[in-house]
There are 2 protein chains.
Amino acid sequence: MANSASGDSVVDRVVRVIEAFPEGVTSLQLTELADRAGIPLSSAHRLVRQLSEHGLLDLGVGGTVRLGLRLWELVNRNSPTLALRQAAMPFMEDIQQVLNQNVNLAVLDGWEALFVERLSRRGSVANRARIAGRMPVHISSAGLALMSHQSRELQAEYLEQFQDPSGKVTADVVRHFLAEAAQHGYAQLAGVVDPDTWGIAVPVVNGKRRTVAALGVVVPLAEMRLQALVPALQTAARGIGRQLGD
Amino acid sequence: MANSASGDSVVDRVVRVIEAFPEGVTSLQLTELADRAGIPLSSAHRLVRQLSEHGLLDLGVGGTVRLGLRLWELVNRNSPTLALRQAAMPFMEDIQQVLNQNVNLAVLDGWEALFVERLSRRGSVANRARIAGRMPVHISSAGLALMSHQSRELQAEYLEQFQDPSGKVTADVVRHFLAEAAQHGYAQLAGVVDPDTWGIAVPVVNGKRRTVAALGVVVPLAEMRLQALVPALQTAARGIGRQLGD
DNA sequence: CACGTTCTACCATTGAATGGAAGGTACCGA
DNA sequence: TCGGTACCTTCCATTCAATGGTAGAACGTG
């Protein structure tokens, strides 16, 4: 026994500690954290204490561990999506005002759409699609809008490895969706979380003609009017793209 | 020379790498990063590569280093301020709709107010007070609102160490501000970034009667109407506090 | 084409990280 | 009141992972 019996580096462990928090959980007991991260308690304790001395974690009195405010601050100040979000925010507010629907902004990460910003429909009670949430490409309008405007190579690679865990969707179906989205310039899809809602998303293209994000809305089926929604979204998306430069 | 000639641990270095990004800067060259973090280039390179393999950083082709999307995702999913922001968001939108002013939400971290959420006034061009920004307690209405409702001990400790770098404000002046804020139940202060604006903030109190946040607005001097602003803020703040529980 | 700059890879050296064990502390139910 | 359990925290001899000087590769530039 010495520098890690399990053969992982300090960096590995730091990552595992941060990753150990289940989605939406903000605090964990030290023992549970050590357990989840697969680190011996004494090592976990030392590591957590070190990190909390730097403010990346917050080790409370009874062994309660939270992510540190300082970490949140650093990440949000220097976030890779900072410029995107700043450029998009005013346009997203426009959409929110004009259409009065839930508006969201997503980027592609791996084979998933990662939602980086969101504005709720005024008066809406629950806002399901949380910020920093993920959705697989093939079951989100944002994902389809993003993927349908990527390079042929990336799309091929995506379709190559595609496999729907539930077995409901085949690669051919997805291929069809992507082709349709590429042709129309927007993607639409029946809501997954809520069957009575539809998602519509359009690509956001930067100065280099690269699709860097998708701007979308989630609307109740009853209010689904493509003729009204798509032009508004496309206009806003073009505005965002112009702000981005690059 | 061996495990760090400078005598710092791996954890120290991981922290310094993340902290190396200046405010608002999203990408850094490897050499500059190593320089800023005070780490030998070869070590920095190895460390960055390890972190980027886990997605905490993103090491681009030409040695361009960014914070990783995964880090942003993890931090925002499990942020210590998640519950607070979720509880506050609807009320902040109410304020935005009713008063049509910049609305912000801050927590106390050290002797500074850390802004954790923000909604811009509709139609406002520049949104100065960035999210994840900090302001010293004594020159922000949010800071004063927060500090004025902390325990006597903490306030004493704060005033004890207080020193204004610019030398314009004395501890006695701050003491007076705090007393006033505590008495009135809100804090007001002339804008620091912009002399023609005023900040007004009220404390957000959770179920345990602990002041956990401050809800505030920034208004142009011409639209400064305490009679209208304070009751609205206080009502929203009580609503947030009720949602919080604890 | 030579020079400066930056990124990347290698590898012998060594002290920082490891984790079992033992000491605290708080809480519970009998 | 008292044993029992379940945490958190500290200690310290062992040892292997991290270190960083060095050198090569890949640029761009005057």
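Not measured: the values here are computed from a predicted model. Chain A is the first sequence line, chain B the second, and so forth, proteins listed ahead of strands; every chain is numbered from 1.
Atom CD of B:Gln29 and atom C1' of C:dT8 are 14 Å apart (whole Å). Rounded to whole Å, atom C1' of D:dA6 lies 14 Å from atom CD of A:Glu32. What separates CG of A:Leu33 from C1' of D:dC7 is a distance of 14 Å, to the nearest Å. Put simply, CD1 on B:Ile39 is 12 Å from C1' on D:dG20, counting in whole angstrom units. Per the geometry, CG belonging to B:Asp8 stands 11 Å off C1' belonging to C:dA16, to the nearest Å.
Nearer the 5' end of DNA chain D, as judged by each residue's closest nucleotide, is the contact made by A:Leu59, out of A:Ser9 and A:Leu59. The nearest heavy atom of DNA chain D to A:Val11 and to A:Thr64 marks one nucleotide each, and the one closer to the 5' end goes with A:Thr64.
Counting non-hydrogen atoms under 4.0 angstrom, A:Val61 reaches the backbone sugars and phosphates but no base.
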Report all side-chain donor-acceptor pairs from residues 39-64 of chain A shorter than 3.5 Å, counting only partners two or more places apart or in another chain.
{"unit_1": "A:Ser52", "atom_1": "OG", "unit_2": "A:Arg49", "atom_2": "O", "d": "3.1"}
{"unit_1": "A:His54", "atom_1": "NE2", "unit_2": "B:Asp12", "atom_2": "OD1", "d": "2.6"}
{"unit_1": "A:Thr64", "atom_1": "OG1", "unit_2": "A:Gln29", "atom_2": "OE1", "d": "3.1"}

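No donor-acceptor pair under 3.5 Å is formed between the side chain of A:Asn78 and the backbone N or O of B:Thr26. Listed for the B:Gln155 side chain is a donor-acceptor partner under 3.5 Å among the backbone atoms of B:Gln150. With hydrogens and angles disregarded, no donor-acceptor distance shorter than 3.5 Å links the side chain of B:Thr81 to the backbone of B:Leu84.
Looking at residues 41-58 of chain A, you'll see A:Ser42, A:Ser43, A:Arg46 sit with a heavy atom under 4.0 Å from some atom of DNA chain C.
For B:Arg13 and C:dA16, the shortest distance from a side-chain N or O to OP1 or OP2 is not below 4.0 Å.
Here the nucleotide nearest the side chain of A:Pro40, chosen from C:dG19, D:dG20, C:dT18, is C:dG19.
Using a 4.5 Å heavy-atom cutoff, the side chains of A:Leu67 and A:Trp72 are not in contact.
At a threshold of 4.0 Å, the pair B:Asp109-A:Arg70 does not count as salt-bridged, since none of the basic side-chain nitrogens sits closer than that to a carboxylate oxygen.
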